[in-house]
Peer 1: 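Just dropping this structure here.
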There are 2 protein chains.
Amino acid sequence: MSEKAPRSPSPAAPARPGDPLQLDLFVPYRLSVLSNLISHTVATIYGERFGLAIPEWRVMAVLGLAQHQGTPMCANAVAQRTEMDKVQVSRAVSRLLAMGLLGRTVDKADRRKANLTLTAAGTTVYQQIVPLALQYEGELLDTLETDELMMLERLLDKLTKTARGLSASFRPAEAP
Amino acid sequence: MSEKAPRSPSPAAPARPGDPLQLDLFVPYRLSVLSNLISHTVATIYGERFGLAIPEWRVMAVLGLAQHQGTPMCANAVAQRTEMDKVQVSRAVSRLLAMGLLGRTVDKADRRKANLTLTAAGTTVYQQIVPLALQYEGELLDTLETDELMMLERLLDKLTKTARGLSASFRPAEAP
DNA sequence: CCAATTTAGTTTCACCTGAAACTATTTCCA
DNA sequence: TGGAAATAGTTTCAGGTGAAACTAAATTGG
């Protein structure tokens, strides 16, 4: 029960040529394993009990909140809020329409857009899933102390911000 | 520049029925966004410069270390070390064999197994990628203070352990 | 005005992926 | 022994996914 081996003498020291790479100490790998583990469990919960895949659930989640706030949303707005791309949203929406959980009304003013809303059935499902989702999150975070939880939130923010920056900078040259 | 809104009065409070769910405060969602962002960038680096996908790189990473330690590995051992399933490993290995980065020798004692090793070409690639991977990780973690980095390691461990437990407990009944 | 560009959203294509079935070999034990 | 069960690894099949092409509507500017 004691696998200690600090990544390097001083934390976050610059990589030196010749350093070995131990996969299970490599943060991108560890994050990926954790995230996949969680997504898989969550997907199982949504999938088995409600026939929803994660992208579908995400769409419902933002529409449910929008509904709650009286702000109808179009597919594009959903895409931004969920950080999914428009293809994924388009597909999720058409599955949800087919399931009767969503309604769509073409915008009178701009006929390219369509406002999406939860149907009564969609609202029912939404209201069933939210507590399940929060329960899962609660159990996941249950073992964390208060300071750990606060730090988790902070780390998620910082790392996400940094990762966005690196995503741009590691991408090869851009066209003028 | 100040989006504050604590998830709930006391952190990790149990979910109450009627609680709304705000996707961008939901930890599984945030972890997924972060992990996808990182994976995408890393995949781009490996892919563009070396023609390797992430599963392929993972296989090379554990074989590279095994090599370094004089411990040849079979596909199954690789699967356990990388937490990938055997199908994924099988496919990654056959692509790497086709690229000439890996060699395979059927085990004399147990002819179902085959030992996998990096070829000279594979070793060259391995030695080029390791510093790149460590550089990316270094830049990602660069903005973190020492205490944040320590907490990150601890949180990854704790959450992964908890998530493994939940993965089992949320899964439906098992056959006798 | 109307042609060029932009924007919303969908479809296509080529690839990735996981689950389940399958092959080959080895181990277990009656 | 020898047949049942386990194990290593591959193949098949049935979706899921992103990038790029595409359609339709709206905006822009000459």
Side-chain angles (χ1 to χ4, degrees), chain A residues 32-33 35-37 39-44 46-48 51-59 63 72-98 102 104-116 167 171-172 174-175, chain B residues 32-33 35-37 39-44 46-48 51-59 63 72-98 102 104-116 167 171-172 174-175:
Chain A
S32 166
V33 169
S35 169
N36 288 343
L37 202 51
S39 291
H40 199 267
T41 303
V42 169
T44 302
Y46 298 161
E48 294 192 343
L52 294 177
I54 285 185
E56 284 142 36
W57 158 246
R58 287 184 182 174
V59 169
L63 290 179
M73 298 177 85
C74 68
N76 222 334
V78 171
Q80 283 178 237
R81 278 301 216 83
T82 55
E83 308 224 28
M84 305 195 289
D85 71 44
K86 58 183 183 171
V87 177
Q88 240 180 327
V89 172
S90 170
R91 287 194 268 237
V93 165
S94 54
R95 277 178 294 220
L96 291 169
L97 286 169
L102 246 55
R104 156 156 64 183
T105 37
V106 172
D107 189 306
K108 262 297 179 188
D110 183 343
R111 295 192 355 259
R112 292 170 306 180
K113 295 186 189 172
N115 281 62
L116 302 168
S167 165
R171 205 176 300 290
E174 289 158 35
Chain B
S32 167
V33 169
S35 169
N36 289 343
L37 203 51
S39 291
H40 198 268
T41 304
V42 169
T44 302
Y46 298 161
E48 292 190 345
L52 294 176
I54 285 184
E56 284 143 36
W57 159 245
R58 287 185 181 173
V59 169
L63 290 178
M73 297 178 87
C74 68
N76 221 336
V78 171
Q80 284 178 236
R81 279 302 217 81
T82 55
E83 308 223 29
M84 305 194 291
D85 72 44
K86 58 184 184 172
V87 177
Q88 238 180 328
V89 172
S90 171
R91 287 194 267 238
V93 165
S94 54
R95 276 178 295 221
L96 292 169
L97 286 168
L102 247 54
R104 154 156 63 185
T105 37
V106 171
D107 188 306
K108 262 296 180 190
D110 182 343
R111 291 181 10 251
R112 292 169 305 180
K113 296 184 190 174
N115 281 63
L116 302 168
S167 164
R171 205 177 301 290
E174 287 158 36

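Throughout, protein chains are lettered first and strands after them, A, B, ... in sequence-line order, and every chain is numbered starting at 1.
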Peer 1: Rounded to the Å, how far apart are A:Asp110 CG and C:dA8 P?
Peer 2: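 It is 8 Å, rounded to the nearest whole Å.
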
Peer 1: Nearest-nucleotide wise, let me know which of A:Arg112 and A:Val93 is further upstream toward the 5' end of DNA chain C.
Peer 2: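 Of the two residues, A:Arg112 wins.
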
Peer 1: Could you tell me how far apart B:Asp107 (CG) and C:dT27 (P) are, to the nearest whole angstrom?
Peer 2: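 Checked: the CG to P distance equals 11 Å.
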
Peer 1: Should B:Cys74 and B:Asp107 be marked as a side chain to side chain contact (heavy atoms under 4.5 Å, CB included) after you check the CA-CA gap, both sets of side-chain angles, and the distance that decides it?
Peer 2: CA-CA 9 Å; B:Cys74 68; B:Asp107 188 306; over 6 Å; no

Peer 1: Over how many whole Å does the gap from A:Asn36 atom CG to C:dC16 atom P extend?
Peer 2: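 Going from A:Asn36 (CG) to C:dC16 (P), I get 17 Å.
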
Peer 1: Testing the basics here: between B:Glu56 and B:Leu96, what is the closest heavy-atom pair and its distance to 0.1 Å?
Peer 2: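 In terms of heavy atoms, the two residues are closest at O-CD1, 3.7 Å.
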
Peer 1: Strictly below 4.0 Å: does B:Arg111 bring a side-chain N or O up to OP1 or OP2 of C:dT25?
Peer 2: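 Result: yes.
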
Peer 1: Donor-acceptor pair, A:Ser94 side chain versus A:Ser90 backbone, under 3.5 Å?
Peer 2: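 Judged by distance alone, yes, a pair lies under 3.5 Å.
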
Peer 1: Could you give the start and end, 5' to 3', of the contact zone on DNA chain D for chain B, using atoms under 4.0 Å from its heavy atoms?
Peer 2: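 It runs D:dA6 to D:dA19.
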
Peer 1: To the nearest 0.5 Å, tell me how far B:Leu102 CG sits from B:Asn115 CG.
Peer 2: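 CG of B:Asn115 is found 11.5 Å from CG of B:Leu102.
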
Peer 1: If you assign each of A:Pro55 and A:Lys86 to its closest nucleotide in DNA chain D, which residue comes earlier from the 5' end?
Peer 2: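 Whichever sits nearer the 5' end wins; that is A:Pro55.
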
Peer 1: Grab the CE-P distance between B:Met84 and C:dC16 for me, whole Å please.
Peer 2: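 Distance, rounded to whole Å: 14 Å.
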
Peer 1: Using the rule given for side chain to side chain contact (heavy atoms under 4.5 Å, CB included), can you reason through B:Met73 versus B:Arg81, listing the C-alpha separation, both sets of side-chain angles and the distance that settles it, and then say yes or no?
Peer 2: CA-CA 10 Å; B:Met73 297 178 87; B:Arg81 279 302 217 81; 3.6 Å; yes

Peer 1: Looking only at heavy atoms, which two atoms of B:Arg104 and B:Leu97 are closest? And how far apart?
Peer 2: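 Minimum heavy-atom separation between B:Arg104 and B:Leu97: NH2-CD1, 3.3 Å.
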
Peer 1: Counting any heavy atom closer than 4.0 Å, what does B:Ala114 reach on the DNA or RNA strands: base, sugar-phosphate only, or nothing?
Peer 2: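 Counting heavy atoms under 4.0 Å across all strands, the contact made by B:Ala114 is with sugar-phosphate only.
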
Peer 1: Heavy atoms from C-beta onward define the side chain here; which of C:dT12, C:dG9, C:dT17 lies closest to that of A:Arg91?
Peer 2: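 Between C:dT12, C:dG9, C:dT17, the one nearest the side chain of A:Arg91 would be C:dT12.
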
Peer 1: Base, sugar-phosphate or nothing for A:Ala109? Non-hydrogen atoms, less than 4.0 Å.
Peer 2: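 If one applies the 4.0 Å heavy-atom cut-off, A:Ala109 turns out to touch the sugar-phosphate alone, with no base involved.
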
